[in-house]
Each structure stands twice: as structure tokens, then as C-alpha cells.
Chemist: 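Attaching a single structure in C-alpha cells format; questions to follow.
No hydrogens, no waters, no symmetry mates; every other heavy atom, side chains included, goes into these values.
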Amino acid sequence: MHQDPSDSPVHSPGPAHSTTTVERGSFCLARCSCGWSGAARRSRDRARTDAQEHSTDLDR
């Protein structure tokens with residue numbers, strides 16, 4: 001679905017968000033350049049999902 005930009009709220013441009021995963025011992029966690037950090041997970045896939053969900057939440 002396409003949204004007309006004139007209908008969307010005005011947002012001031014912020015820093016770009018870049019998510020990564022970081023390993024700490026047997027745990028993996030997602031981090032973002034904005035300072036957000038996800039929960040420590042034993043599953044790398046779950047940490048990547050946390051990062052994706054964070055990015056998705058920013059688009060709302």
C-alpha cells in the first residue's frame with residue numbers, strides 16, 4: 001500500500017539505525033547504532049529476529 005507523504009506526520013531526520021549481533025560467551029544479542037540492545041539469547045537466530053523486530057518497530 002502506498003501512502004501519500006503529505007498525509008504522514010512530520011518527522012525530523014534522525015541517525016540511521018544499523019543493527020548487528022554480538023556474541024558474549026555462549027550468548028548472542030542484538031544491538032543497534034541508536035543504543036538499543038536486545039536480550040541475551042542462546043540462539044543466534046532469535047537475536048537476529050530481535051534486531052529485525054527493532055527495525056520494524058521503528059517503521060511504525
Chemist: Are R42 and F27 close enough, and set up right, to give a side chain to side chain contact (heavy atoms under 4.5 Å, CB included), and what steps lead you there?
Modeler: CA-CA 5 Å; R42 289 194 182 270; F27 292 92; 3.6 Å; yes
Chemist: Are L29 and R24 side-chain neighbours, meaning at least one heavy-atom pair lies under 4.5 Å?
Modeler: yes
Chemist: For S18, is there any backbone N or O sitting under 3.5 Å from a side-chain donor or acceptor partner on S33?
Modeler: yes
Chemist: Quick one: OG1 on T19 to CZ on R31, what's the gap to the nearest 0.5 Å?
Modeler: 13.0 Å
Chemist: Parallel, tilted or perpendicular: which describes the rings of W36 and H54, with under 30° parallel and over 60° perpendicular?
Modeler: parallel
Chemist: If I compare all heavy atoms of A47 with all of A30, which pair ends up nearest, and what's the gap?
Modeler: O-CB, 3.3 Å
Chemist: First locate atom CZ of R48, then atom SG of C28, and finally report the distance between them rounded to the nearest 0.5 Å.
Modeler: 7.0 Å
Chemist: Tell me, please, which residues at least two apart from Q52 pass side-chain hydrogen bond (donor to acceptor under 3.5 Å, both in side chains).
Modeler: none
Chemist: First locate atom CG of D50, then atom SG of C32, and finally report the distance between them rounded to the nearest 0.5 Å.
Modeler: 12.5 Å
